[in-house]
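What follows is a short report on a single structure.
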Protein chains: 2
Amino acid sequence: MTVEIAEPRMTRAALRILETASELFYHRGIHTVGVDLIAAEAGVTKKTIYDRFGSKDNLVAAYLRARDRRWRAVVDRHIEAAAGPGEAALAVFDSLEEWRAAEGTRGCAMINARAEYAGPDHPSRALAADQKHWLRDRFRALVEAAGLPGSADLAVELLVLHEGAVVMGDVGELEDATALAKRAAARLLGL
Amino acid sequence: MTVEIAEPRMTRAALRILETASELFYHRGIHTVGVDLIAAEAGVTKKTIYDRFGSKDNLVAAYLRARDRRWRAVVDRHIEAAAGPGEAALAVFDSLEEWRAAEGTRGCAMINARAEYAGPDHPSRALAADQKHWLRDRFRALVEAAGLPGSADLAVELLVLHEGAVVMGDVGELEDATALAKRAAARLLGL
DNA sequence: AGGTTGATATACCGACCTGTTTACTTTTGG
DNA sequence: CCAAAAGTAAACAGGTCGGTATATCAACCT
């Protein structure tokens with residue numbers, strides 16, 4: 001159930017558009033950021049945006065997809081750098097801290113996009129499901145490799161902890177939520 | 001740090017407005033629901049809405065506040081019905097299932113509102129912080145009453161689990177996420 | 001009885017937002 | 001070298017949305 005969207009031709013201007021749109025969308029929300037603002041901020045005309053991306057919706061989808069790709073790369077890097085499968089599962093929580101330090105603390109872009117576009121047809125729905133399933137499968141593979149029983153359930157538990165940490169890192173000034181989530185994950189894994 | 005908003009006079013029409021607005025806001029998102037739609041759906045004119053609530057922002061704040069009150073009542077009922085403090089902490093996860101069965105599965109209204117209104121001044125920010133702090137404090141009191149050490153950290157861990165369960169109950173077709181979160185909470189509590 | 005209050009009905013305004021169009025200039029690759 | 005592709009510039013179209021104005025009607029409470 002992978003999600004496919006027609007990839008626009010990524011010219012230099014298109015890259016600049018995507019970068020600034022990503023910044024604006026994530027930090028200010030999608031519906032509050034107009035195409036005109038993106039054009040002005042990227043030093044580009046609206047025509048170029050519509051020539052490259054066709055519609056704001058397509059630009060939003062491209063933003064979510066690109067961000068997802070970058071995030072998965074960060075997670076994978078932390079997993080591969082870990083000493084063993086158990087440590088790798090915990091390292092995912094470290095990747096969250098690194099990701100947040102670099103990207104900001106406005107929660108999960110997928111979840112936020114879902115909140116803005118409630119309809120069942122918007123790409124953000126499928127993209128978010130994809131992303132969460134991907135992380136759950138990563139957790140499951142690691143838990144299995146660690147030789148722990150009940151890997152399917154345990155993977156979902158880790159996923160829930162992770163998503164909770166993502167949310168609570170934004171709301172309510174609980175900066176140590178991620179560290180505590182990691183500690184809780186370790187106890188759940190018996191480490 | 002409680003949040004105060006001028007309470008509008010809750011006439012019968014105002015109640016109908018608030019009810020239908022709550023339904024629409026939660027299930028379709030806030031910015032996609034126009035004031036005209038709310039008026040039509042509630043069988044009320046726009047003037048009545050503005051006479052009662054003054055602005056859409058005020059209506060949104062009233063929606064979030066009312067929903068928060070109802071939710072806290074459900075949680076408290078489950079806590080009070082539990083046999084002991086440990087069971088009460090776990091019962092919060094049962095209250096989530098009841099709440100979701102009655103209200104739907106579009107995640108936390110506060111978090112969703114925060115996603116739509118990114119600005120630091122919007123009431124949803126303070127309201128969400130309030131709500132999460134309230135639940136954390138409930139958890140902390142219960143963990144303390146159960147005589148468990150490290151109650152402050154444990155409370156945050158339970159809160160993270162809870163918020164993760166709220167999110168994952170919506171995204172990614174993981175219906176058992178809440179039950180698994182409860183199981184994980186039990187293990188973290190040593191129950 | 002009558003004035004205050006709540007509500008209806010309807011038209012309207014200004015701002016904003018997505019998307020298009022036309023005409024012109026720059027870049028770039030075969 | 002030159003044509004195709006990419007981008008600039010600026011105006012405009014069509015629609016939506018939050019909010020206001022005016023005039024009218026019905027209920028309620030001293």
Side-chain angles (χ1 to χ4, degrees), chain A residues 5-25 27-64 113 115-119 121-124, chain B residues 5-64 112-113 115-119 121-124:
Chain A
I5 296 160
E7 193 91 33
R9 299 210 42 204
M10 287 306 269
T11 64
R12 238 158 317 173
L15 262 179
R16 228 163 50 231
I17 291 166
L18 188 55
E19 276 172 24
T20 63
S22 295
E23 277 283 318
L24 292 170
F25 283 155
H27 289 104
R28 303 196 199 175
I30 295 173
H31 82 271
T32 67
V33 172
V35 180
D36 295 274
L37 175 63
I38 298 172
E41 209 86 359
V44 151
T45 56
K46 269 205 296 185
K47 181 164 190 307
T48 304
I49 294 182
Y50 280 94
D51 281 349
R52 293 298 118 231
F53 294 92
S55 71
K56 185 183 179 181
D57 261 342
N58 282 354
L59 179 56
V60 169
Y63 147 64
L64 291 175
E116 295 200 53
Y117 296 98
D121 301 327
H122 198 269
S124 62
Chain B
I5 296 160
E7 193 93 33
R9 298 210 45 205
M10 286 307 268
T11 65
R12 238 159 319 172
L15 262 178
R16 228 163 51 230
I17 291 166
L18 188 55
E19 278 172 22
T20 63
S22 295
E23 277 282 318
L24 291 170
F25 283 156
Y26 182 65
H27 289 105
R28 304 195 199 175
I30 295 172
H31 81 272
T32 68
V33 172
V35 180
D36 295 271
L37 176 63
I38 297 172
E41 209 86 359
V44 151
T45 57
K46 269 206 296 186
K47 180 158 192 313
T48 305
I49 294 183
Y50 280 94
D51 282 349
R52 293 299 118 228
F53 294 91
S55 71
K56 185 183 179 181
D57 262 342
N58 281 354
L59 179 56
V60 169
Y63 147 64
L64 292 175
N112 291 348
E116 295 201 52
Y117 297 98
D121 302 326
H122 198 268
S124 62

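Quick note on labels: first sequence line is chain A, next is B, and so on, each numbered from 1.
In this entry the distance linking CG of A:Asp51 with P of C:dG19 reads 13 Å, nearest Å. The CG atom of A:Leu59 sits 10 Å away from the P atom of C:dT18 (whole-angstrom rounding). Taking atom OH of B:Tyr50 as the reference point, atom P of C:dA7 lies 17 Å away to the nearest angstrom. Nucleotide C:dG6 holds its P atom 15 Å from the CZ atom of B:Arg16, rounded to whole Å. When the C1' atom of C:dG6 is taken as reference, atom CG of B:Leu15 falls 14 Å away, rounded to whole Å.
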Name the pairs: protein N/O against N/O of nucleotides 28-30 of chain C, kept only if under 3.5 Å.
| residue | atom | partner | partner atom | Å |
| --- | --- | --- | --- | --- |
| C:dT28 | OP1 | A:Arg12 | NH1 | 3.2 |
| C:dT28 | OP1 | A:Arg12 | NH2 | 2.5 |

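Residues in residues 8-33 of chain B take part in no salt bridge (charged side-chain N to carboxylate O under 4.0 Å, His left out) pair, two or more places apart or across chains. Residue pairs meeting the salt bridge (charged side-chain N to carboxylate O under 4.0 Å, His left out) criterion with at least one partner in residues 36-51 of chain A, sequence neighbours excluded, are A:Asp36-A:Lys46, A:Lys47-A:Asp51.
Side-chain contact between A:Thr32 and B:His31 is absent, with no heavy-atom pair separated by less than 4.5 Å. Taking the side chain as every heavy atom from C-beta outward, A:Leu64 and A:Phe25 never approach each other to under 4.5 Å.
With B:Glu116 contributing its side chain and B:Gly29 its backbone, the two residues share no donor-acceptor pair below 3.5 Å.
Remark: B:Thr20 engages no residue in a side chain to side chain donor-acceptor pair (under 3.5 Å) (not counting sequence neighbours). A:Phe53 meets the ring pair (Phe, Tyr, Trp, His ring centres under 6.0 Å) test with no other residue; sequence neighbours excluded. In this view, B:Ser22 and B:Leu18, B:Tyr63 satisfy the side chain to side chain contact (heavy atoms under 4.5 Å, CB included) rule, not counting sequence neighbours. With sequence neighbours excluded, no residue forms a salt bridge (charged side-chain N to carboxylate O under 4.0 Å, His left out) with B:Asp57. Listed by chain and number, the residues in a ring pair (Phe, Tyr, Trp, His ring centres under 6.0 Å) with B:Tyr117 are B:His122 (sequence neighbours excluded).
Mapping heavy-atom proximity under 4.0 Å, the span of DNA chain D touched by chain A runs 5' to 3' from D:dA5 to D:dA9.
Within residues 29-48 of chain A, the residues that have a heavy atom under 4.0 Å from DNA chain C are, in order of number, A:Val33, A:Gly34, A:Val35, A:Asp36, A:Lys46, A:Lys47.
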